[in-house]
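Some notes on the structure that comes next.
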Amino acid sequence: MLDLDLLEDAYYEVDLKGRALRMNAAASEILGYPPGELIGKHYREFMTAEVADRVKELFNSVYQSRQASPPREGVMSRPDGTSRRVEGSVSLIRGADGEPVGFRGILRDVTDRRQAEEALRESEERFRALTSLSTDWYWEQDAEFRMVRLEGRCSCQRYEPACIVLGQRLWDLPGMLADETRWEEHQATLAARKPFREFEYAYRSRSGKRYYISTSGAPIFDAKGRFQGYRGTSRDVTQARHERRLLELEHRVAHALSLATEWRPTLAAVIEAISSSEEWDTGAYLEFLDDGRARLQVSHCGPHVPEATAARYRMRIGTTIDRPVLLAEVARAGSNRWIPDIADVLEPGGVWRELLVDTGEKTLLLVPIPGEGRPLGVLAFASPAMRNPDERLQRTMRVVAGQLGQFLRRMAAERILRESEARFRALTHLSTDWYWELDTRLRFSRIGGERGDLARSQAEGAALGRHPWQIGLRMAGGRSWREVAEAMRRGEPIRDVRVFRRDRQRNIVWYAISGEPMTDEIGALAGYRGIGRDITDRMLAEQRIQRMATHDSLTGLPNRVLFTEKLEQAIETETSPFAVLFIDLDGFKLVNDSLGHEAGDALLREIGSRIRGCLRSNDVVGRLGGDEFIVLVRDVVDRFEIGRVAGKIEALVGHPLRIRGRSMKVTPSIGIAIHPDSADTAAGLLRASDLAMYEAKRAGKNRHAFFADLQPGAAEPDLSGRMDRSWAPV
């Protein structure tokens, strides 16, 4: 038989006169009496008259209908003065002859649940009241979706004039950019009488400025349920979209540069990306020559540029400007220059006037590309519309210019290295560095060569009779002397085997060893001979280039390329979950603006060191560029553990530091994605952690957010019209 005291719900039985026959422990608890005390008592003896009357009415109804009652809810008063809200049902107890002999019932205590529901309703009401105060303007539409009301402090600024909106459907308004808005999807939502949230549309004002509006609304019905229209709120998200677009541009350029192998096509792609993102009709890169002239190396014309103008730009690729006065001024200043009307600054009859004014350009933006000591060149963007300076865009251009400067210097270093290696091979083909011979037991029998470093520093007598591995020569590249020695004994030639040793100053010296077998008159192996050349400079250069390609030059941390490789390796090899933390510094701009870029660089180096100090030896921290860092935390046990790591980073990074005699403080906003729950690819993890970081910023900064906690709408925002994130690998 079932032990009724094990039930969480209250169970009771009474006879037809209302005397208690049976009650479990839960029933005694709800009624407020000790177990067993109520057995034999009439329910009116332990209930208030009001409650007892309701119970009697319920029992009578069940008795007459011979049917169990549906669940009902009521308040049960207890002897200690407290009350409990309960929900329960009653059914008949039948005897052996099928006739009713009593009642049985179930009661469930729903007091806490109802209190929680009430608290939730109150919270939602407060939330709606607060959000209604934060909207920019309020609107109403009729049943045909025509605007009938528009109120708010921003409405007249955005719609010029606002009165043209009334009586119109949004998609019929002049200036609407249909290619940037999903009107068909929105119209289907309206036709279905469904509410909508944060639907974005774009339009261009009479002044030519592009605006983005986010609107939310809900249908209106009358008392009879007939559809009357929509009401809702709207806000201007132009600045937020602008900020997001520029951040994406920075990421995209950084990613393109990290994967590039040729400078000219890469520059062309970067210029095109900037032009299309920020609506510049034309873009170009002019390289500074050693004699003071400037040469047009790359140009781009957008789809709206007349073909005749585009042809003139193409024809001028490779031409030089003998007296680039304007470009020289920008180079000397080392900063961007925004010129609203280029006719005011160009000399009549000059190349610039012929190239720009005659093609209808008005506004010009010049961005110097930093080099070693002097700018390498200038990016030039032009537009036929008069445009006022955009400080946020110029900040992005400074970041892009720095990235391009590093890229062009790397390309130049690689070109110089290739040329140097070509000359080196040509010279070493004619002359050896040093010469050596081994006997049949692979011991040195001769070492010579006037320019051979080993021959000069190693006395011949000390090496003779000894194996190469006995005089400090060690193998590189995972090879072993045992492997090479076996090839020699088989009479196989060796080519460019890399070995190294330490010289007397304890510096590592690298050699490339090549050799072939010597045979006697009958063809038997008589020994081995070959040449060795010093390749120390080449190895060091390769190491430098490798580090330049995989590490951030400012902080020494892994850059985007190396971090992505390590992340992909972790995806392939790690069996335990791991986390990716996307870190963006709050307040970094203030340091740069107030103390200059040198102070900002010093701060970034210190922050990189602090983040590294929060991690274990097998974790990875890298710098993506600007004030963005990325962390790979391995062997994550649970969210609590990774939250604790994020908390350590927040505490240590947020600790004040002194730079140039001034105390300053930045804080981190951290987005967290966990593999494989958040994503199972490197691109997906970076994207998820980036989105989570923006949620942390939105929530107030100086905190961390998990991608898993983002609402579905936040996890996949509308990306139509936006370029891909720069960190998405191809």
Side-chain angles (χ1 to χ4, degrees), residues 136 154 157-158 177 180 200 202-205 207-214 235-255 270-281 283 302 330 333-340 362-370 378-383 385-405 584-597 599-600 603-604 624-628 666 669 690 693-694 696-698 701 717 719 721-727:
D136 284 340
C154 295
Q157 298 174 12
R158 296 295 173 260
L177 303 178
E180 296 192 40
E200 289 189 9
Y203 76 97
R204 194 180 302 278
S205 68
S207 63
K209 184 175 181 180
R210 184 169 52 184
Y211 286 98
Y212 291 92
I213 306 300
S214 175
R235 56 191 173 91
D236 187 341
V237 294
T238 305
Q239 187 60 36
R241 284 286 297 262
H242 184 46
E243 183 78 19
R244 188 169 58 197
R245 187 174 68 249
L246 291 175
L247 287 173
E248 291 170 358
L249 179 61
E250 292 179 20
H251 293 318
R252 182 177 178 183
V253 169
H255 180 66
V270 170
I271 292 172
E272 181 179 0
I274 296 172
S275 299
S276 60
S277 172
E278 300 310 307
E279 296 187 301
W280 295 102
D281 269 27
V330 173
S335 58
N336 301 346
R337 185 169 181 184
W338 189 295
I339 305 171
K362 292 287 192 301
T363 298
L364 181 66
L365 172 60
L366 299 176
V367 182
I369 306 300
V378 171
L379 292 177
F381 298 94
S383 169
M386 299 284 285
R387 299 175 59 170
N388 294 322
D390 184 337
E391 179 55 35
R392 180 62 184 88
L393 171 58
Q394 295 200 69
R395 291 203 307 273
T396 292
M397 294 309 301
R398 285 193 288 269
V399 173
V400 170
Q403 295 171 340
L404 286 174
D584 186 274
L585 301 182
D586 312 318
F588 176 73
K589 174 182 178 298
L590 179 61
V591 177
N592 263 356
D593 292 348
S594 60
L595 298 182
H597 292 290
L603 184 144
L604 290 174
L624 300 181
D627 59 343
E628 294 177 344
V666 295
S669 291
D690 194 6
M693 181 274 291
Y694 279 112
K697 280 189 173 294
R698 187 198 65 75
K701 304 180 179 179
L719 299 179
R722 295 168 49 188
M723 60 189 65
D724 294 334
R725 300 293 293 181
S726 63
W727 38 250

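Throughout, residue positions are numbered sequentially from 1 according to the sequence presented.
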With [X] via side-chain contact (heavy atoms from CB on, under 4.5 Å) - residues at least two apart:
X	result
V367	N336, L365, L379, M397, A401
S214	E198, E200, R235, V237
N592	F588, H597

Point-to-point distance, once rounded to the nearest 0.5 Å, from [atom1] of [X] to [atom2] of [Y]:
X	Y	atom1	atom2	result
R395	E243	CZ	CD	6.5 Å
K701	D584	NZ	CG	8.5 Å
L177	Y212	CG	OH	7.0 Å
D586	D627	CG	CG	8.5 Å

State, to 0.1 Å, how close [X] and [Y] come at their nearest heavy-atom pair, and which atoms those are.
X	Y	result
M693	S669	CG-O, 3.4 Å
G334	P368	C-CG, 3.8 Å
T363	P340	OG1-O, 2.9 Å
V270	V400	CG1-CG1, 4.3 Å
L364	A380	CD1-CB, 4.3 Å

Can you name the residues that form a side chain to side chain donor-acceptor pair (under 3.5 Å) with [X], not counting sequence neighbours?
X	result
R337	E329
Q239	none
T396	E250, R392

### Message
Taking the basic N atoms (NZ, or NE/NH1/NH2) and the acidic carboxylate oxygens, is any pair closer than 4.0 Å for R204 and E279?
### Response
yes
### Message
So L247 and Y694, do their side chains get closer than 4.5 Å, heavy atoms only?
### Response
yes
### Message
With heavy-atom distances below 4.5 Å as the criterion, would you say the side chains of V253 and V399 are in contact?
### Response
no
### Task
For S277 and A273, indicate whether the former's side chain and the latter's backbone hold a donor-acceptor pair under 3.5 Å.
no
### Task
Answer yes or no: is there a donor N or O on one side and an acceptor on the other, between the side chain of S383 and the main chain of D281, under 3.5 Å?
no
### Query
If you draw the axis of the six-membered ring of W338, does the NZ or CZ of R387 fall within 45° of it and under 6.0 Å from the ring centre?
no
